[in-house]
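Right, one structure below, let's go through it.
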2 protein chains.
Amino acid sequence: MSTRAYHHGNLREELLERAERTVVEQGVDALSLRELAREVGVSHAAPRRHFPDRDALLDALAEQGFARLEAQLRAADADDTTPGGAATTGDAFAARFGRVATAYVEFATDHAELLALMFRGKHRPGAEAVAAAADAAFRPLFGLVADGQACGAVAPGDGEDVGVPLFAALHGLASLLTAGVLPAQRRRELVEVVCASALRGAAPR
Amino acid sequence: MSTRAYHHGNLREELLERAERTVVEQGVDALSLRELAREVGVSHAAPRRHFPDRDALLDALAEQGFARLEAQLRAADADDTTPGGAATTGDAFAARFGRVATAYVEFATDHAELLALMFRGKHRPGAEAVAAAADAAFRPLFGLVADGQACGAVAPGDGEDVGVPLFAALHGLASLLTAGVLPAQRRRELVEVVCASALRGAAPR
DNA sequence: ACCTGAACACCGTTCAAGT
DNA sequence: ACCTGAACACCGTTCAAGT
């Protein structure tokens with residue numbers, strides 16, 4: 001399988017992998033289907049078999065991005081150093097939320113171009129896969145909110161309504177950092193400030 | 001001056017105006033310099049005199065967008081229906097903040113593509129003009145925070161640190177709405193929920 | 001000073017034809 | 001089923017030349 005077969009067999013994955021690299025490194029605008037095909041060593045029309053057009057490839061990248069984000073959030077949430085397991089006190093909950101928030105903002109700043117692609121909206125008509133991947137990525141966040149309600153750190157009520165302000169604060173901070181509106185070197189500090197404020201806003205009253 | 005003079009005289013403004021329309025209506029990707037020149041009735045090389053390349057035009061559009069946003073925020077802030085003028089009580093402050101927040105989110109959803117362009121980051125090297133326009137646009141928001149501190153609705157301290165969480169919550173909500181992650185028809189309701197939460201988080205403790 | 005027209009090197013997309 | 005090669009209609013950018 002080391003010989004370059006006529007039937008590549010692995011073209012789709014190789015295209016995605018290579019495309020993500022150039023998007024992360026050079027931005028979406030720098031992604032050319034023709035150059036991509038050249039890099040992979042295939043004719044410029046070959047990708048069409050796997051991605052009908054450029055937007056289809058971009059949607060696939062967005063979907064993959066959400067999967068990465070989900071994995072990163074889950075890993076951060078699982079990385080619980082407190083002895084008792086899941087957070088059951090307010091302080092422990094705040095620490096857990098801080099870890100997930102940090103992971104979210106880190107993903108955003110490390111993959112700014114990919115994040116822009118993921119939140120570009122206007123995906124192709126048949127893009128339920130992207131929306132599904134997005135929902136899955138956000139689930140850890142809303143699951144965390146439910147746990148917060150269980151331990152009394154977060155006000156009761158509809159989980160979405162309580163979770164949206166937390167979600168918005170996090171995503172807004174990430175977006176302002178990647179846009180350069182807020183200085184990237186203040187990232188750690190700003191995550192703490194925003195988390196503290198958002199958690200006060202979400203606390204029972 | 002109704003005759004199409006050889007020296008157009010007004011080309012820069014006409015290009016900007018037309019470009020903004022197609023960006024708002026069709027998105028950044030649909031903006032072609034050649035088609036733009038065609039629409040304005042000028043050779044395809046003519047725009048180069050006013051915008052060295054495509055990114056220069058995009059930066060000019062972003063700058064113009066921030067100016068529009070600033071005007072809209074100022075108008076919303078000035079539209080004070082309470083008798084006594086500037087807000088001096090907590091309730092009045094919350095109402096005032098709500099108006100500005102609504103204006104911000106409305107601008108975002110009405111000009112989603114333009115907003116993406118404005119917060120695209122990676123502007124050209126000599127893009128201090130864009131950054132300056134952005135700062136000016138955000139000033140009403142931070143001025144509002146200072147007033148909130150003066151009337152005791154917002155915790156004291158460095159204005160930026162107190163303002164950033166409010167800013168992040170607003171921008172995050174706007175971004176999630178335009179991306180389609182949150183449903184656009186719940187806009188009014190979500191603005192209220194997010195504002196209430198963010199203001200609780202910013203309140204003195 | 002401002003604009004034109006031809007030229008260059010790239011695109012994305014399509015489609016008959018090959019294996 | 002998967003890929004190639006030529007073709008089409010578009011780009012952004014450059015530059016000598018026109019007024």
A correct dot-bracket answer for DNA chain C, with pairs being Watson-Crick or G-U at under 3.5 Å, [ ] for crossing pairs and | for inter-strand pairs, is ||.|||||...|||||.||
Pairing of A/E160 and B/R186 as salt bridge, 4.0 angstrom limit: yes
Quiz item: If we only count heavy atoms from C-beta on, is the B/L61 to B/L31 side-chain gap below 4.5 Å?
Solution: yes
Around atom CD of A/E17, are there more than 12 heavy atoms from other residues, nucleotides or ligands closer than 6.0 Å? no
Look at the aromatic rings of B/H171 and B/F119 and report parallel, tilted or perpendicular, splitting at 30° and 60°.
-> tilted
note: A/R12, atom CZ; D/dA1, atom P; distance rounded to Å ~ 18 Å
Below 3.5 Å is the cut-off: list the nitrogen or oxygen pairs between protein and nucleotides 10-12 of chain C, distance only.
residue	atom	partner	partner atom	Å
C/dC11	OP2	A/R38	NH2	2.8
C/dC11	O5'	A/S32	OG	3.1
C/dG12	OP1	A/L33	N	2.9
C/dG12	OP2	A/L33	N	3.2
C/dG12	OP2	A/R34	N	3.1
C/dG12	N7	A/R34	NH1	2.5
C/dG12	O6	A/R34	NH1	2.7

The side chain to side chain contact (heavy atoms under 4.5 Å, CB included) partner of B/E39 among B/E14, B/R18, B/R21, B/R34 is B/R18
*asked:* Looking at B/D91, I'd like to know if its CG atom is crowded, meaning that more than 12 non-hydrogen atoms belonging to other residues, nucleotides or ligands lie closer than 6.0 Å.
replied: no
Taken to the nearest whole Å, CZ/B/R49 to P/D/dA17 is 15 Å
Only residue of A/R188, A/R187, A/R68 satisfying salt bridge (Lys or Arg N to Asp or Glu O under 4.0 Å) with A/E106 is A/R187
So CD of B/Q185 and CG of B/L190: to nearest 0.5 Å the spacing works out to 9.5 Å
Of the candidates D/dC3, C/dG5, C/dT4, the side chain of B/H44 sits closest to C/dG5
